[in-house]
Asks: 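Okay, here's the structure, questions in a sec.
To find a chain, count down the sequence lines: A is the first, B the second, and so on, and within it residues start at 1. These figures come from a predicted structure and were not determined experimentally.
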Amino acid sequence: MADQYYEDRQKKLEALRELGLDPYGSRFDGVTRNTAIRQQAEKLGLDAGQTDESTRVRAAGRIVLRRVMGKLAFLTIRDSTGDLQIGISKAKVGDGWALVKLLDLGDIIGVDGPLGRTKTNEITIWADSLTMLSKCLRTPPSEWHGLQDIDARYRQRYVDLFKNSAVMQAFLSRSRIIDAVRGHMRGLGFIEVETPMLQPMYGGAAARPFTTHHNTLDMDLFLRISPELYLKRLLVGGMERVYEINRNFRNEGISPRHNPEFTMMECYQAYGDLTDMMSVVEGVVSACVEALGGGFKRPFKDLELDFTPPWPRRTYTELLREHAGVELADVEAVRRKAASIGIEGAKMDDAVVANKLFEATVEDHLIQPVFVTEYPAAICPLTRRKPDDPSLAIRFEAFAAGMELGNAYTELNDPAVQRETLSAQVKGEGDETMAVMDEDFLTALEYGMPPAGGLGVGIDRLVMVLTDSPSIRDVILFPLQRKLGVGE
RNA sequence: GGGAGUGUAGCUCAGUCGGUAGAGCAACGGCCUUUUAAGCCGUGGGUCCAGGGUUCGAGCCCCUGCACUCCCA
């Protein structure tokens, strides 16, 4: 990997040491962030060309632009808040000029000096001292184009983050969103809990799990596909309002909206039901919108999504009628329609075929935020049935931009019915991937679980739609990538 | 799993009909005290993803593989 660029920078590193400077710096206290420094400069009301010698600031960041002209240099340094210009005069820094000549794009430096504006009105720290904080030995991507190679961006996210400011902003937004979700849930009286990711038995969703093994106990384990069955045990235990924000793992495909590990906010509210969960979704999203600013109408790809609550409610049945042209109850018609669009449903349960048809024909049309209600009961083994029509489950999924953002039930808490629906799954009815019987969960229900509403919100997708990020990989710092070098 | 596309300098990208590799930025040397994609002069830099094939000759055509992107199941 020794190329001319690397060697040139290595030589400069040695030259720094010869000057008695540590190329990798040390503790650097009292740094003000770039945006705060800019705000400070605005308040001073400086005129172009004016410097306030009494206002001294300390900044630190990575050099992203450099303009050196003889005995005067300008650097642009970047931190997580933004960019700031540094002006360096040879006359002012004296011996420090030797360091200036050894600086490369990508180096991390600290700066002290008075705050001013240049003749062209750019806010500038006129450095009287520079501190080397870290030498960059690799050539960073060009400032103008940034790092475009999408594979490199994910594999070397650290470069993506410091080179592509929009990427930094998206992840800062993600952090604000998660803060807002926690704040909203706390405000509703929910407590945050953590339940096992390593589970001896998987359940709570329809998905293939990752498997692993515990050596000491010589026990196979699954990475959880859902925390649902554990959170419900907490309802049994008397925690009336619980939520968890954590990773789920599903051993399935990767796509612009799927990553094998993804973050879910899942909550349960004793004595509540589906309508409470609708309020939670609308409230959480509203809290996020408030935290991010920019209002309820937000761009996403070439769309404008309007998250203003309340969101419309549409039933599964009417949407299937509208977009697939069939009645959910008409099993033959559903199968005919499914077959006509290439769904191979011969070995599948009726409701599974219907759901494939729903996914294929309806979901793309669910652009504006909407709650889809009344799902076929056969694909909802953990959900209470509608009292007047047990073929339908008291469930909704929240959609936006054609994507499922959330999934909620009025929870099934009758242990006898629960045993029945799980048995049906195990027997191959409904969705085979849910075919696991968790006896301890049933025992818990037999102790009595309060009636409850439950909800899961996909945090990654929520961040996507709120930050106009078209791929889930744009909102996951280190999305799963194929290993390099296989077969070499 | 199937289909389409992409892979060329550190980065972003050109590369015509198959004829011996190009630009901008970055780097190196020089000039330069108000630049902001600084400017000017000069220089260096390539496993054209990998392997095979066709051909006098392959970045370009063919085959296989690898990686990535998008679409479909």
Side-chain angles (χ1 to χ4, degrees), chain A residues 1-12 15 34 38 46-51 63-78 82-94 97 100-107 116-127 136-156 159-160 162-165 252-258 301 338-346 348 353 356-357 359-361 363-364 402 470-474 479-488:
Chain A
M1 206 48 206
D3 54 33
Q4 54 159 323
Y5 308 100
Y6 194 87
E7 284 169 12
D8 285 341
R9 284 166 180 253
Q10 194 77 46
K11 282 178 195 154
K12 289 179 186 174
N34 286 345
R38 297 180 69 92
L46 297 164
D47 294 325
Q50 191 186 352
T51 298
I63 300 171
V64 293
L65 287 170
R66 186 176 42 133
R67 303 170 287 282
V68 183
M69 53 210 85
K71 296 167 186 157
L72 180 70
F74 291 99
L75 306 176
T76 302
I77 63 168
R78 174 170 299 164
D83 293 354
L84 184 66
Q85 177 165 278
I86 310 301
I88 309 160
S89 158
K90 183 177 181 182
K92 192 172 179 187
V93 297
W97 192 252
V100 174
K101 292 205 291 187
L102 293 172
L103 292 176
D104 282 309
L105 292 179
D107 289 353
R117 284 182 183 273
T118 61
K119 286 176 186 170
T120 53
N121 212 32
E122 180 75 21
I123 293 165
T124 300
I125 299 179
W126 287 104
C136 175
L137 292 171
R138 305 264 183 181
T139 314
S142 77
E143 181 59 17
W144 190 242
H145 294 102
L147 182 62
Q148 297 299 324
D149 183 281
I150 200 155
D151 188 39
R153 286 184 45 218
Y154 300 143
R155 290 189 194 276
Q156 297 187 287
V159 177
D160 194 29
F162 74 71
K163 215 61 233 190
N164 299 327
S165 297
E252 295 179 347
I254 296 176
S255 85
R257 51 184 68 175
H258 297 89
K301 301 191 203 177
S340 78
I341 59 168
I343 294 169
E344 189 50 66
M348 297 176 188
V353 175
K356 298 265 183 211
L357 182 62
E359 288 171 0
T361 59
E363 291 190 356
D364 283 350
S471 169
I472 197 166
R473 292 161 166 177
D474 297 330
L480 186 65
Q481 296 285 104
R482 198 182 298 266
K483 208 155 90 179
L484 287 179
V486 176
E488 282 179 9

Asks: Nearest to the side chain of A/Gln4, heavy atoms from C-beta on, is which of B/C68, B/C28, B/G45?
Replies: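 Looking only at side-chain atoms, A/Gln4 lies closest to B/G45.
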Asks: With both distances under 3.5 Å as the test, what is the Watson-Crick or G-U wobble partner of B/G1?
Replies: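 Because both required distances fall under 3.5 Å, B/G1 counts as paired with B/C72.
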Asks: Identify the nucleotide, in any strand shown, that forms a Watson-Crick or G-U wobble pair with B/G24, with both distances under 3.5 Å; if there is none, say none.
Replies: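 Base-paired to B/C11.
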Asks: Return the value, rounded to whole Å, for the distance between atom CZ of A/Arg9 and atom C1' of B/C28.
Replies: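 Computing the A/Arg9:CZ to B/C28:C1' distance gives 13 Å.
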Asks: Figure out the CZ/P separation between A/Arg153 and B/C68, and round it to whole Å.
Replies: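 One finds 15 Å between P of B/C68 and CZ of A/Arg153, rounded.
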Asks: Can you measure A/Leu103 atom CG to B/C28 atom P for me and round it to whole angstrom units?
Replies: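 It works out to 12 Å between those atoms.
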Asks: For A/Thr76, which contact category applies under a 4.0 Å heavy-atom criterion: base, sugar-phosphate, or nothing?
Replies: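 A/Thr76: no heavy atom of the nucleic acid under 4.0 Å.
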Asks: Measure from the side-chain N and O atoms of A/Asp107 to the backbone N and O of A/Ile63, and report whether any donor-acceptor pair falls under 3.5 Å.
Replies: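 No, because the side chain of A/Asp107 does not come within donor-acceptor range (under 3.5 Å) of the backbone of A/Ile63.
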Asks: With a 4.0 Å cutoff (strictly under), does any side-chain N or O of A/Lys101 reach OP1 or OP2 of B/G29?
Replies: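 Negative; the distance criterion is not met.
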Asks: Over all strands shown, is A/Trp97 touching base, sugar-phosphate only, or nothing at heavy-atom distances under 4.0 angstrom?
Replies: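 The answer is nothing, as A/Trp97 stays clear of every strand by at least 4.0 Å.
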Asks: Categorize A/Leu105 for me: base, sugar-phosphate, or nothing, with a 4.0 angstrom heavy-atom threshold over every strand shown.
Replies: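 A/Leu105: backbone/sugar contact only, no base atoms under 4.0 Å.
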Asks: Could you check whether A/Gly87 gets within reach of a base, just the sugar-phosphate, or nothing at all, counting any heavy atom under 4.0 Å?
Replies: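 Counting heavy atoms under 4.0 Å across all strands, no contact is made by A/Gly87.
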Asks: Grab the CG-P distance between A/Leu72 and B/U33 for me, whole Å please.
Replies: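 Whole-Å distance recorded here is 8 Å.
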Asks: Which of these nucleotides, B/U34, B/A67, B/C28, is closest to any side-chain atom of A/Asp104?
Replies: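 Nearest nucleotide to the side chain: B/C28.
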Asks: Just call it for A/Lys12: base, sugar-phosphate, or nothing, with non-hydrogen atoms closer than 4.0 Å on any strand.
Replies: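 A/Lys12: backbone/sugar contact only, no base atoms under 4.0 Å.
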Asks: Looking only at side-chain atoms of A/His145, point me to the closest of B/U33, B/G24, B/C68.
Replies: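 Of the candidates, B/G24 comes closest.
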Asks: Would you kindly give the NZ-to-C1' distance between A/Lys90 and B/U34, to the nearest whole Å?
Replies: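 Between C1' of B/U34 and NZ of A/Lys90: 18 Å.
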Asks: Donor-acceptor check, side chain of A/Asp364 to backbone of A/Gly402, threshold 3.5 angstrom: yes or no?
Replies: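 Answer holds: no.
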Asks: Suppose you measure atom C1' in B/G44 against the same atom in B/C70; what distance do you get, rounded to whole Å?
Replies: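 Approximately 39 Å lies between the C1' atom of B/G44 and that of B/C70.
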Asks: Ring of A/Trp144 versus six-membered ring of B/A37: centres under 5.5 Å and planes under 30°?
Replies: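 According to the criterion (under 5.5 Å, under 30°), yes, A/Trp144 stacks.
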Asks: Roughly how many Å apart are B/G10 and B/G1, using the P atom of each and rounding to a whole number?
Replies: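 Going atom to atom, P in each nucleotide, I get 33 Å.
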Asks: Nearest to the A/Pro256 side chain among B/C68, B/C70, B/A38, which nucleotide is it?
Replies: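 Within the option list, the nearest is B/C70.
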Asks: When you measure from the side chain of A/Ser142, which nucleotide among B/A27, B/G10, B/C68 comes out closest?
Replies: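 Minimum distance to the A/Ser142 side chain belongs to B/G10.
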Asks: Rounding to an integer number of angstrom, what distance separates B/A9 and B/G51 when you compare their C1' atoms?
Replies: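 Result for the C1' pair: 23 Å, nearest Å.
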Asks: What heavy-atom pair brings A/Leu84 and A/Arg38 nearest, and what distance separates the two atoms?
Replies: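 It is CD1-CG, 3.8 Å.
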Asks: When you measure from the side chain of A/Leu65, which nucleotide among B/A38, B/C68, B/G10 comes out closest?
Replies: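 Of the options given, the side chain of A/Leu65 lies nearest B/A38.
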Asks: From the set B/U33, B/A26, B/C28, return the single nucleotide nearest to any side-chain atom of A/Ser89.
Replies: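 Among the listed nucleotides, the one closest to the side chain of A/Ser89 is B/U33.
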Asks: If you check every side-chain atom of A/Leu147, which of B/C68, B/U34, B/C11 has the closest atom?
Replies: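 So the nucleotide nearest the side chain must be B/C11.
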Asks: Is there a donor N/O on one and an acceptor N/O on the other, under 3.5 Å, for the side chain of A/Thr118 and the base of B/U35?
Replies: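 When only heavy-atom distances are counted, A/Thr118 does reach the base of B/U35 through a donor-acceptor pair under 3.5 Å.
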Asks: Between B/C13, B/U35, B/C70, which one does the side chain of A/Gln148 approach most closely?
Replies: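 That would be B/C13.
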Asks: Sticking with atom C1', work out how far B/C28 lies from B/U35, rounded to a whole angstrom.
Replies: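 Their C1' atoms lie roughly 22 Å apart.
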Asks: In whole angstrom, give me the gap between the C1' atoms of B/U64 and B/U54.
Replies: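 Their C1' atoms lie roughly 15 Å apart.
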Asks: Scan A/Pro140 against the nucleic acid and name what it touches under 4.0 Å (heavy atoms): base, sugar-phosphate only, or nothing.
Replies: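 Result for A/Pro140 = nothing.
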Asks: Using the P atom as the point on both nucleotides, what is the distance between B/G57 and B/G19, in whole Å?
Replies: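 Straight-line distance between the two P atoms is 14 Å.
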Asks: Heavy atoms only: give me the nearest A/Glu359-A/Glu363 pair and the separation to one decimal.
Replies: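 Minimum heavy-atom contact is CG-OE2, 3.4 Å.
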Asks: Is any side-chain N or O of A/Arg67 closer than 4.0 Å to OP1 or OP2 of B/A26?
Replies: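 Result: no.
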Asks: Quickly work out the A/Ile123 CD1 to B/U35 P distance and round it to whole Å.
Replies: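 Checked: the CD1 to P distance equals 17 Å.
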Asks: Please report, rounded to the nearest Å, how far the P atom of B/A67 is from the CZ atom of A/Arg155.
Replies: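 Answer to the nearest Å: 9 Å.
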Asks: Using whole Å, what does the distance between atom P of nucleotide B/U33 and atom CH2 of A/Trp126 come to?
Replies: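 Taking atom P of B/U33 as the reference, CH2 of A/Trp126 is at 13 Å.
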Asks: Return no unless some side-chain N or O of A/Arg66 is found under 4.0 Å from OP1 or OP2 of B/U35.
Replies: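 Negative; the distance criterion is not met.
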Asks: Can you tell me, in whole Å, how much space there is between the C1' of B/C49 and that of B/C68?
Replies: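 My reading of the C1' atoms in B/C49 and B/C68 gives 11 Å.
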Asks: So, does A/Lys12 use its side chain to make a donor-acceptor pair with the main chain of A/Asp104 at under 3.5 Å?
Replies: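 Between the backbone of A/Asp104 and the side chain of A/Lys12 there is no qualifying donor-acceptor contact (under 3.5 Å).
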Asks: NA contact type, A/Ala152, heavy-atom cut-off 4.0 Å: base, sugar-phosphate, or nothing?
Replies: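 The answer is nothing, as A/Ala152 stays clear of every strand by at least 4.0 Å.
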Asks: Taking all non-hydrogen atoms of both residues, which atom of A/Ala338 and which atom of A/Val353 are closest, and how far apart?
Replies: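 Minimum heavy-atom separation between A/Ala338 and A/Val353: CB-CG1, 3.6 Å.
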Asks: Let me know, please, whether A/Gln85 or A/Ile343 comes out on the 5' side of the other along RNA chain B by nearest nucleotide.
Replies: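 Nearest nucleotide further toward 5': that of A/Gln85.
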Asks: Does A/Glu122 get its side chain close enough to the base of B/U34, under 3.5 Å, for a donor-acceptor pair?
Replies: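 A donor-acceptor contact between them is absent.
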Asks: Is a side-chain donor or acceptor of A/Ser255 paired with a backbone partner of A/Arg257 at a separation under 3.5 angstrom?
Replies: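 Present.
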Asks: Which value, in whole Å, describes the distance between the P atoms of nucleotides B/U8 and B/G3?
Replies: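 The same atom, P, in both gives a distance of 24 Å.
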Asks: Please classify the nucleic acid contact of A/Gly342 as base, sugar-phosphate, or nothing, using heavy-atom distances under 4.0 Å.
Replies: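 Since only primed, P, OP1 and OP2 atoms lie under 4.0 Å of A/Gly342, the category is sugar-phosphate.
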Asks: Look at the side chain of A/Arg66 and the backbone N and O of A/Leu103, then say whether any donor-acceptor pair between them is shorter than 3.5 Å.
Replies: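 Judged by distance alone, yes, a pair lies under 3.5 Å.
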Asks: Which atom pair, heavy atoms only, marks the closest approach of A/Ile88 to A/Ala127?
Replies: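 The answer is CG1-CB, 4.1 Å.
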